[in-house]
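Here's the structure we're looking at; comments come further down.
First the proteins, then the strands, lettered A, B, ... as listed; each starts at 1.
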Amino acid sequence: MEWGLDGAIVALLLGLAARILHTRDLFEATVLFIAFGLTLSLAWARLGAPDLALAEAALGAGVTGALLLNAYRRFADREEKAAPAVDIGSGEAACGAFPDASLRAPCDRVLRLRPILGAVLGILAAGFVVFLVTLPVRLPILPSMVADRLAETAVSNPVTAVLLDFRAYDTLLEMTILVVAMVAVWSMDREAPGLVRLAEEGPGEDAVLEALINLVVPVAGLTALYLVWAGASASGGAFQGGALLAGVGVLLLAAGIVHPVTAQTALVRGLGVMGLGVLVLVGLVVMVWTGSFLAYPEGTAYVLVLLAEGALVVSIATILLELFVDVPAVPEKDPTLEWVDPTGDPLGRSSDADGIPTSDSEEDG
Amino acid sequence: MSAPELWTTVAVIGPLGAAILSLRGGRRDILVGLGLGSLASTAGATGLVWTVLDRGVSRHLLGGWGRPLGIELHVDGLAVVMVAMTAVVGTAVSFYASSYFGDAADPRVQQSPAARGARFFAPPWLFLWTALNGIYLSGDFFNLYVTLEMLGLSAAALVTLAVTDRATEAAMRYLLVSLTGSMLFLLGVALLYVGYGTLSLEVLGARDPSGTLAWWALAAMTAGLSAKTALFPLHGWLPPAHAVAPAPGSAILSALVVKATFYVLARLWLYVYGIGVPGAHGRPSLVLLGVLGAAAVLTGSVLALRQTSLKRLLAYSTVAQIGYLFVVFPLLSGPGSSGDSGTWSAAAWNGGVYHAVGHALAKAAMFMAAGNMSYAVADDAIESVSGVAHRIPMSFLAFGIGGLSLAGVPPSGGFVAKWLLLTAALDSGQWFFAVVVVTGGLLTLAYVLGVARYALEVKPEPPTFRNVPDRMEWAALGLAVLAVLLGLRAVEILELLSVGGFSPWR
Amino acid sequence: MSSEFLYVLGGGGLFLLGFLGVSTRSHLFWKILSVNFMGSGIFLLLVGAAPRLPDQGPDPVPQALVLTGIVVAVSVTAVGLGIALRVVARTGAPYLPDLPETSGPERFRRRNERAR
């Protein structure tokens with residue numbers, strides 16, 4: 001029976017992935033991807049990993065799905081005669097259309113190579129599958145080391161213990177990646193609009209939206225806080241809770257109840273950086289006591305872990321929310337910006353719209 | 001707290017703290033961030049050099065947990081040399097950037113809405129710096145994956161600073177290659193954990209990985225890392241990305257980022273898997289890497305000759321110079337090599353590392369000098385830099401010295417590197433690679449002189465020059481001079497490098 | 001051999017599908033989705049093949065690794081979508097042009113014709 005259920009889940013996963021990769025419809029791909037995420041969450045549950053199931057549902061299906069839903073419409077190919085890059089298997093006739101003879105040769109060369117490349121990769125893939133199928137025979141039986149030393153951490157959820165005690169340095173870097181993502185999205189100019197709005201100033205006449213908000217916001221908010229609190233001893237944790245809070249924020253923003261706070265304000269930046277900052281400070285302070293970075297002294301582990309998780313939740317929620325919000329290219333009256341120098345090209349030469357002098361517009365051959 | 005704990009923390013957490021401070025966004029915050037990052041990285045590097053010379057190989061057990069539960073930072077000669085290289089180049093680039101974005105921005109960035117470059121260069125760069133030091137000091141596989149992702153993301157953020165069509169496309173391609181490479185690397189990590197039950201590099205080395213699972217893991221990781229290091233034929237993403245970034249960004253990308261991914265590759269092959277020693281199985285794959293490297297040297301150099309844009313020329317030059325790093329692999333233990341069977345060829349290894357460090361110094365200098373030259377004439381085309389040699393001689397000198405170092409002209413660091421590589425190639429009877437090294441050097445000389453020719457000519461009607469700030473010129477020239485000094489101080493540096501030995505971790 | 005092994009195979013298959021997607025689909029949206037598939041495949045492999053504690057489910061170390069991996073995947077997806085949207089906004093098409101050395105005729109011609 002177990003094989004049947006697990007087999008069905010795996011088949012569903014692979015089938016959804018294959019369908020998503022095959023379809024040309026952006027909406028279908030987006031919706032199926034969310035379904036894929038939820039199925040994956042089910043798989044984690046089957047494998048006995050509830051923390052992962054929560055995380056996958058909140059982050060993998062939830063946040064990622066929301067990002068995709070927000071953006072998919074703008075990926076539609078507006079040009080009628082859009083010719084995608086030469087795909088594997090295109091005919092060599094494509095190269096004959098080249099106006100410049102010097103480019104036909106490389107085009108031909110690449111097109112000849114692609115079937116060979118495809119064959120090589122296909123053989124590798126088949127070999128990989130064979131290798132995987134024979135894997136259980138090769139694997140040694142290795143016990144986990146965590147159980148022995150779990151008592152030393154004062155945190156009874158082993159996954160949280162690994163994340164915030166044994167391998168806290170990885171969590172610090174993970175938090176840094178979130179911050180870098182936030183900065184990267186800020187630094188790009190406003191050409192892609194931000195969050196799609198459901199309403200401008202609150203639900204108004206829309207009863208469904210109003211009911212949704214009245215129901216979801218309090219429940220989700222409480223659940224998020226519970227997840228963080230419970231994460232020390234049961235399944236849960238800062239990441240799942242933070243994602244849920246971000247979801248609440250997205251709903252409020254999309255409904256127009258909360259107006260977007262641009263990432264240029266110091267408050268948002270501060271909240272986003274808070275988790276990372278707390279982890280770094282904790283790591284340095286304990287180092288004075290115990291000699292190693294992020295080595296919690298005897299008896300303080302529980303408190304420090306909870307402190308770290310609290311800060312992390314705030315930051316994770318803020319950053320995930322900011323990944324959705326519209327960021328203007330030119331902040332209005334930002335007093336910290338002293339380096340703006342809006343002079344034009346001092347030599348007055350002609351340049352293409354990119355601002356690059358025209359001699360650079362040629363591609364090399 | 002002892003020396004390794006202190007100095008590794010300074011080297012990694014220092015730039016991280018600086019990055020956080022620079023997020024505040026004001027001009028002073030950015031300068032403080034750049035300054036603090038440089039200080040921390042330099043202090044950390046100095047401390048680590050002292051630590052390694054004083055007590056040899058050492059470790060920082062993060063969280064106080066030893067293996068197999070915790071993450072270790074591993075300090076040996078190679079790691080310290082790379083951290084020191086990053087500190088020197090990073091400080092120079094930070095110094096350059098503090099003036100570049102404030103006073104004399106690249107016209108492409110300047111005309112973009114707001115001085116985006118000013119506010120958004122420092123945080124990604126400082127996070128990138130953190131990631132670099134983190135990679136060099138890491139002793140844990142999964143930690144390497146996370147840090148590599150951080151590196152790739154920060155680097156992509158640097159490429160997106162220039163707001164042109166081509167910059168956006170280049171950044172997208174770069175991110176996709178980086179992510180695919182990371183996924184392949186992660187696959188290898190997963191396989192190794194599942195097969196050997198450990199995430200520690202040293203522990204895995206001690207277990208002598210071999211067999212089908214270990215092979216698949218290494219193949220996946222090598223494929224991923226080679227793509228991220230732009231090894232031929234997976235190099236296509238590099239020239240567009242490195243050419244469109246603002247000058248300090250290009251310097252960082254070409255000089256530092258590609259070295260980190262190569263470093264991980266070398267650690268894996270040589271220290272963990274132990275393939276570099278004479279008699280190790282897997283030698284044919286080393287030869288394959290070497291052949292791809294040779295192809296990179298030749299195609300990169302030839303394509304560089306054909307470029308009309310200064311920064312693209314330098315980017316293709318990077319592709320070629322990366323090839324040399326891969327040529328090192330087969331030279332480590334050729335069929336005719338002598339020496340005891342437990343260690344690989346010191347000459348080849350020293351040559352390779354020296355080449356990496358020398359290239360970092362020289363290429364960063366050249367990108368900064370190129371930035372100066374292009375700014376002076378407001379044009380990136382090589383033909384347009386006429387007369388810069390007379391107008392901004394310091395930048396021209398920086399470009400020239402850097403180029404001569406890359407070409408291997410004595411007494412530079414590049415010369416020492418090529419000398420060592422040639423010695424290793426001829427000693428082990430692999431004359432093919434010796435020919436490649438020499439040919440590459442000649443081609444490098446050709447494209448450097450090609451630029452110099454334009455810079456030196458005096459046109460009857462000189463174009464209007466813009467004033468290049470002194471700081472930018474000093475930064476470029478300073479690094480170029482260091483590239484030469486590298487050649488004069490080889491003995492001490494190689495002695496530092498030798499701590500940790502030339503044998504696998506067993 | 002227990003049924004967890006199916007997830008190992010599924011994970012491997014998912015990784016291969018993702019790799020195929022990244023290589024063959026030229027549309028940026030699908031490239032990003034494919035990278036996610038590669039990641040999910042590796043996570044399944046890791047947890048599926050992990051040693052299991054008696055009565056407690058899988059080893060917590062792979063679980064923690066996968067959790068970290070999921071967060072990293074969300075971050076890079078967000079940045080990837082952001083850059084991809086800018087590519088579409090600027091060039092009008094959700095594809096990356098072929099590199100000059102390997103340009104297909106349509107892309108190259110359009111690049112030269114583009115007025116901006």
Could you tell me whether a side-chain N or O of [X] sits under 3.5 Å from a main-chain N or O of [Y], the two making a donor and an acceptor?
X	Y	value
A/Arg73	A/Leu69	no
C/Lys31	C/Gly21	no
A/Thr64	A/Ala61	no
A/Thr23	A/Ala29	no

What part of [X] lies closer than 4.5 angstrom to a heavy atom of chain C: side chain, backbone, both or neither?
X	answer
A/Val159	both
A/Leu121	side chain
A/Glu56	both
A/Phe36	side chain
A/Leu323	side chain
A/Leu21	both
A/Leu320	side chain
A/Ala184	side chain
A/Ile316	neither

Does any pair with a residue in residues 3-13 of chain C pass salt bridge (Lys or Arg N to Asp or Glu O under 4.0 Å), and if so which ones, sequence neighbours excluded?
C/Glu4-C/Arg52
Contacting region of [X] [heavy-atom separation from chain A under 4.5 Å]:
X	result
C/Phe19	side chain
C/Leu81	both
C/Ala78	both
C/Leu45	side chain
C/Ala50	neither
C/Leu14	both

Check the pair C/Thr68 / A/Arg167 against side chain to side chain contact (heavy atoms under 4.5 Å, CB included), numbers first and verdict last.
CA-CA 11 Å; C/Thr68 305; A/Arg167 298 182 65 95; over 6 Å; no
Using the six-membered ring wherever Trp is involved, compare the ring planes of A/Phe75 and C/Phe29 and label them parallel, tilted or perpendicular (cut-offs 30° and 60°).
tilted
Heavy atoms, side chains only, cut-off 4.5 Å: are A/Val185 and A/Glu322 in contact?
no
Which one wins on heavy-atom pair count under 4.5 Å against chain A: [options]?
options	answer
C/Val72, C/Val76, C/Leu20, C/Val47	C/Val47
C/Leu28, C/Leu44, C/Ile83, C/Ile32	C/Leu44
C/Leu17, C/Val71, C/Val79	C/Val71

Could you grab the distance from atom [atom1] of [X] to atom [atom2] of [Y], nearest 0.5 Å is fine?
X	Y	atom1	atom2	result
A/Thr39	A/Leu12	OG1	CG	4.5 Å
C/Ser75	A/Met182	OG	CE	11.0 Å
C/Trp30	C/Phe37	CH2	CZ	11.0 Å

Considering only heavy atoms and a distance below 4.5 Å, find which of [options] pairs most often with chain C.
options	answer
A/Ala43, A/Ala18, A/Ala55, A/Ala71	A/Ala43
A/Asn157, A/Val162, A/Asp170, A/Thr171	A/Val162
A/Val180, A/Thr30, A/Leu52	A/Leu52
A/Gly37, A/Ala17, A/Gly7	A/Ala17
A/Val129, A/Leu59, A/Leu40, A/Ile20	A/Ile20

Output, in order, the C-alpha distance, side-chain angles, deciding distance and verdict of side chain to side chain contact (heavy atoms under 4.5 Å, CB included) for A/Ile9 and C/Tyr7.
CA-CA 9 Å; A/Ile9 293 175; C/Tyr7 291 102; 3.7 Å; yes
Closest approach of C/Pro58 to A/Leu47 (non-hydrogen atoms, all atoms of both residues):
CD-O, 3.1 Å
Passes side chain to side chain donor-acceptor pair (under 3.5 Å), C/Asn36 versus C/Thr77? Steps please.
CA-CA 8 Å; C/Asn36 275 293; C/Thr77 300; 3.2 Å; yes
